[in-house]
Amino acid sequence: MKRLSIGLLALAIALLTGGGAAQAAGPGGGTVQFGPFASGSPDGGTCAPWAMDTFNRSFSVHDNGDGTFRVTEDFKDGTFVTTGPASPGGCETSNHHGSTVSPGITGSLRGYLTGTVSSNTFNPSGCAAGDCTTAAGFILAVFGPAARFTCFVGPADCDFNFEYDSSDPSLVYRHWQDKSSPDGEQFIGDIATA
C-alpha cells in the first residue's frame, strides 16, 4: 500500500541508527498485546499524499516458535483531514473515482495490516524505552535492528485493509478502500470533490 512506502524509508533510517536491548526469542505459542499508542502520519494515495491521519495504533505479536512472529497492527479511532489537491484514488484506472479533493475535509478511518517479522530477538518491554508510535519504531524497539518485517518489503508480502469515510456534502465520492489483493493492492472508490 502507498503508506508502506513511507514506512520503508523510516524503517531503513531507524535500522541504520541502531536500537535498544533485546532478549532471545521465546519458545513460541504466545501472543503479546502492545498499545494503544496515539499516532499520526501523512497518507499516500494512488497519486500523491492526500491527507493527514491521526489514530490509535495497537500491535499484536504472536510468537511462531521458529524465529518468526506474526505481527498485526490495528488502526482504530482514526480521523483524517484532506490536504489536496489529488484525491486518494485520483490515479486509479478503474471506474468510480474522482481526481481531486479540496483541503480541510474531515472523515474517519480504520484499518489493519498483518505480516511476519523474522528476528532472533524479542523484547516485550521494548516500547518502554523505544518509540512505538510508528511501525518502524515498534519493529526496532521490540525486535531489534536486524529484524525484517514483510509488510515493509511490499504490498504482496502483507495482508491489509484500510477504509476511509466522510459525510462532507461537497464530496462526490465519500468512501475509499485500500486493501491487499492477490496482485498486491486494490483500490475501491475515492474521497473526492471532483
Ignoring hydrogens and angles, state whether a donor on the side chain of D131 or T133 is under 3.5 Å from an acceptor on the partner side chain. yes

Residue of the set F138, F34, F149 for which ring pair (Phe, Tyr, Trp, His ring centres under 6.0 Å) holds with F59: F138

Where do V117 and A147 come nearest, in terms of heavy atoms and distance? CG1-CB, 4.1 Å

Those residues at least two apart in sequence (or on a different chain) that pass salt bridge (Lys or Arg N to Asp or Glu O under 4.0 Å) with D165 are R110

CG of L109 to CZ of F55, rounded to nearest 0.5 Å, is 7.0 Å

Using side chain to side chain contact (heavy atoms under 4.5 Å, CB included), reason through L171 and S166 one step at a time and then give a plain yes or no. CA-CA 8 Å; L171 294 171; S166 177; 3.5 Å; yes

Taken to the nearest 0.5 Å, the spacing of R70 CZ from T114 OG1 works out to 5.0 Å

Does D53 reach the side chain of Y164, with side-chain heavy atoms less than 4.5 Å apart? yes

If you define the side chain from C-beta out and look only at heavy atoms, does anything of T31 sit under 4.5 Å from V61? no

Residues C132 and A141: closest non-hydrogen pair is SG-CB, 4.0 Å

Heavy atoms only: give me the nearest A192-G98 pair and the separation to one decimal. CB-CA, 3.8 Å

For the residue pair Q33 and S60, confirm or rule out a side-chain donor-acceptor distance under 3.5 Å. yes

So, do H97 and N95 sit near enough that their side-chain heavy atoms are less than 4.5 Å apart? no

Quick one: pull up CD in E92 and OG in S99 and give me the separation to the nearest 0.5 Å. 13.5 Å

Would W176 and E163 count as a side chain to side chain contact (heavy atoms under 4.5 Å, CB included) if you check the C-alpha gap in whole Å, the side-chain angles of each, and the deciding distance to 0.1 Å? CA-CA 6 Å; W176 187 54; E163 296 197 47; over 6 Å; no

Within the structure provided, determine whether V101 and P85 are in side-chain contact (heavy-atom separation under 4.5 Å). no

Transitive ILVMFWY side-chain link I191 to V81, under 4.5 Å: no

Examine the side chains of T116 and T68 and answer whether a donor and an acceptor come within less than 3.5 Å of each other. no

Below 4.5 Å, heavy atoms only, C-beta onward: do T106 and T82 meet side chain to side chain? no

Donor-acceptor pair, distance only, cut-off 3.5 Å: does the side chain of T46 make one with the backbone of C91? yes

If you take all heavy atoms of G90 and C47, which pair is closest and at what distance? C-SG, 3.6 Å

Is it the case that one hydrophobic cluster holds both F37 and V142, taking links as side-chain heavy atoms less than 4.5 Å apart, direct or via other members? yes

For F143 together with F122, are the ring centres under 6.0 Å from each other? yes

Kindly say whether G189 contributes a backbone atom to a donor-acceptor pair with the side chain of H175 at under 3.5 angstrom? no

Among residues two or more places apart or on two chains, list those pairs meeting side-chain hydrogen bond (donor to acceptor under 3.5 Å, both in side chains) that have a residue in residues 135-157. none

Here the gap from D74 atom CG to N56 atom CG, rounded to the nearest 0.5 Å, amounts to 11.0 Å

Within a strict 4.5 Å, meaning less than it, do heavy atoms of the M52 and T83 side chains meet? yes

Test item: L113 and D159 side chains (from C-beta on) under 4.5 Å apart, heavy atoms: no

Can you see which heavy atom on A135 is nearest to which on F152, and at what distance? CB-CZ, 3.6 Å

Can the ring centres of F80 and W50 be said to be less than 6.0 Å apart? yes

Let's go through F75 and Y112 carefully: what are the C-alpha distance in whole Å and the side-chain angles of both, what is the deciding distance for ring-ring contact (aromatic ring centres under 6.0 Å, His included) to 0.1 Å, and is it a yes or a no? CA-CA 6 Å; F75 300 80; Y112 72 88; 9.2 Å; no

Taking 4.0 angstrom as the limit, do E185 and K179 come out as a salt bridge? no

Polar side-chain atom of S39 near backbone of T134 as donor-acceptor pair, under 3.5 Å: no

Hey, does S170 have a side-chain heavy atom less than 4.5 Å from the side chain of I105? yes

Rounded distance [0.5 Å steps], OG in S181 versus CG in N161: 11.5 Å

Which atom of S119 lies closest to which atom of F69, heavy atoms considered: O-CE1, 3.7 Å

